[in-house]
Amino acid sequence: MITDSFDNKTMPIFTLKDFYGERKRMLDTCLILFSKEIYEAILDAYPCTKIVEINAANGLVPIYKFTQEGKDIAFYLSAIGSAGASEYCIETNWLTGAEKFIMFGSAGSLNKEKTQGRFVIPTQAYRDEGMSYHYAPPSDYITIKNSKKMAAIFEELRLPYVEGRVWTTDAFLRETAGQVALRQKEGCIAVEMELAGVQSVCDFHGFELYDFLVTGDVLSEAAYEKEGLKDANHNMDKFYIALEIVKRI
């Protein structure tokens, strides 16, 4: 069973040292991006330096850095989905030394009344994926450790937000009416595809994750609504908020 996958009694057969050599210590903060448009906008707007690459059989993933108010900040375009996003996070730590990760992206709303016009600060993530069961003991939900810190930052910035549970799924297109109803009953206000896995690897390795979301499409109404999805994915406001978070963590 997938719920039997967590093994903290024996050691891995191989580690990133086998692929990359010793861990690097370049900087401490990294942005996890999911929007190619935001990624390209940063490359256009800032003097950026490619500092390293994540290696994979299907190609290289560059990690860049820029400097904001004297601080070096790394960023990369993440894979979509829990397993890929989590693995990139682990490898980025090894390659750069970053231990503070700010992750932001879009989500589907499961409660339009609560999420409309507000950022979502997840408090727990439902573990409907596979990665987290290799990095944390089995449970239905994983706690998002820094949610209270994030809420305090959003209060300070006077940004509208709502706190609540979210649903991390690996199964795009399988958010069925029955599954949506179950998650809503448990208090989930949004659905996304990475958080449970990324939080589990951050907890396991001692990294700090700061996550916030913007809902775009709506899954909780009689008819699916997708009108807000492009703006939720690509609006640059999330990047500027991330820069304010960097100052405060």
Side-chain angles (χ1 to χ4, degrees), residues 24-35 38-39 41-43 45-49 51 63-78 85-86 88-90 92-93 95-107 114-115 117-125 142-166 168 189-190 192 194-215 231-249:
K24 308 298 190 297
R25 303 285 182 183
M26 300 182 188
L27 40 73
D28 64 7
T29 304
C30 183
L31 308 182
I32 300 176
L33 309 178
F34 295 99
S35 164
I38 294 175
Y39 174 77
I42 299 170
L43 290 171
Y46 291 83
C48 297
T49 303
I51 53 176
I63 301 174
Y64 289 91
K65 75 170 183 179
F66 65 94
T67 302
Q68 176 76 0
E69 297 183 3
K71 183 177 182 61
D72 287 341
I73 303 169
F75 68 99
Y76 61 89
L77 187 60
S78 177
S86 300
Y88 281 16
C89 180
I90 296 167
T92 297
N93 164 264
L95 291 167
T96 71
E99 294 187 340
K100 298 176 183 178
F101 291 90
I102 298 95
M103 185 168 76
F104 52 90
S106 68
K114 286 189 175 181
T115 63
R118 299 179 178 92
F119 295 96
V120 173
I121 297 177
T123 57
Q124 292 183 307
I142 188 166
T143 297
I144 309 307
K145 186 174 69 173
N146 286 321
S147 62
K148 293 302 180 186
K149 291 182 181 179
M150 288 292 287
I153 291 171
F154 274 65
E155 287 283 350
E156 182 183 346
L157 296 173
R158 298 184 179 181
L159 294 169
Y161 72 93
V162 60
E163 297 175 83
R165 285 177 158 180
V166 301
T168 302
I189 60 175
E192 50 76 60
E194 293 83 23
L195 182 55
V198 177
Q199 184 67 64
S200 72
V201 302
C202 286
D203 289 347
F204 185 86
H205 288 291
F207 311 156
E208 295 296 327
L209 178 66
Y210 300 87
D211 181 80
F212 68 98
L213 298 162
V214 178
T215 56
D231 187 63
N233 280 331
H234 304 301
N235 194 306
M236 284 291 289
D237 60 353
K238 296 187 295 299
F239 168 68
Y240 298 121
I241 292 169
L243 293 182
E244 292 298 322
I245 294 169
V246 169
K247 297 177 186 178
R248 292 164 170 80
I249 59 174

Closest non-hydrogen atoms of Phe34 and Ser78, given as atom of the first, atom of the second and distance, are CE2-OG, 3.5 Å
Quick one: do Ile51 and Met26 satisfy side chain to side chain contact (heavy atoms under 4.5 Å, CB included)? Show the steps, please. CA-CA 9 Å; Ile51 53 176; Met26 300 182 188; 4.0 Å; yes
Under 3.5 Å, is there a donor-acceptor pair between the Ser35 and Asn233 side chains? no
Separation between CD1 (Ile32) and CD1 (Ile102), nearest 0.5 Å, reads 8.5 Å
In terms of heavy-atom contacts, Lys238 and Gly105 come closest through CD-O, 4.2 Å
Output for pair (Thr96 OG1, Lys24 NZ), nearest 0.5 Å, gives 10.5 Å
So SG of Cys48 and CD1 of Ile73: to nearest 0.5 Å the spacing works out to 10.5 Å
Distance col, row Glu156:CD vs Ile245:CD1, nearest 0.5 angstrom, shows 11.0 Å
Shortest non-hydrogen pair, Ala107 vs Ala190, comes out as CB-CB, 4.0 Å
Does any non-hydrogen side-chain atom of Ile249 lie less than 4.5 Å from one of Ile153? yes
One should read off an interatomic distance between Lys145 NZ and Glu208 CD, to the nearest 0.5 angstrom, of 3.5 Å
- Message: Checking Phe101 against Thr92 for the side chain to side chain contact (heavy atoms under 4.5 Å, CB included) test, could you report, in this order, the C-alpha distance in whole Å, the side-chain angles of both residues, the deciding distance, and whether it holds?
- Response: CA-CA 10 Å; Phe101 291 90; Thr92 297; 4.0 Å; yes
**Asked** Under a 4.5 Å cut-off applied to non-hydrogen side-chain atoms, are Ile38 and Met236 in contact?
**Response** yes
Are any non-hydrogen side-chain atoms of Val162 and Ile189 less than 4.5 angstrom apart?
yes
Exercise. Heavy-atom distance under 4.5 Å between the side chains of Thr123 and Ile121, does that happen here?
Worked result: no
Counting neighbours of NZ on Lys114 that are heavy atoms of other residues, nucleotides or ligands and sit closer than 6.0 Å, is the number greater than 12? no
I want to check something: taking the side chain as every heavy atom from C-beta on, are Ser86 and Val198 in contact at a cut-off of under 4.5 Å? yes
Rounding to 0.5 Å, atoms CG (Asn93) and CZ (Arg25) come to a distance of 7.0 Å
TODO: Please work out which of the three classes, parallel, tilted or perpendicular, describes the rings of Phe66 and Tyr46, given edges at 30° and 60°.
DONE: tilted
Using the rule given for side chain to side chain contact (heavy atoms under 4.5 Å, CB included), can you reason through Val214 versus Phe119, listing the C-alpha separation, both sets of side-chain angles and the distance that settles it, and then say yes or no?
CA-CA 5 Å; Val214 178; Phe119 295 96; 3.5 Å; yes
Looking only at heavy atoms, the pair that brings Cys202 and Leu209 closest together is SG-CB, 3.9 Å
For Ser106 and Glu192 the tightest heavy-atom approach is O-CB, 4.2 Å
Check the pair Lys71 / Asp28 against side chain to side chain contact (heavy atoms under 4.5 Å, CB included), numbers first and verdict last.
CA-CA 9 Å; Lys71 183 177 182 61; Asp28 64 7; 2.9 Å; yes
task = Assign the ring pair Phe212 / Phe104 to parallel, tilted or perpendicular, where the plane angle (0 to 90°) is split at 30° and 60°.
result = parallel
Sorted by chain and residue number, the salt bridge (charged side-chain N to carboxylate O under 4.0 Å, His left out) partners of Lys149 (sequence neighbours excluded) come out as none
Correct closest heavy-atom pair for Thr168 and Glu194 would be CG2-N, 3.7 Å
Margin query: Is the shortest side-chain heavy-atom distance between Phe204 and Ile90 below 4.5 Å?
Written below: no
- Item | Side chain to side chain, Gln199 and Asp211, heavy atoms closer than 4.5 Å | no
* Is Ile42 close to Leu33 at the side-chain level, that is, under 4.5 Å between some pair of heavy atoms? -> yes
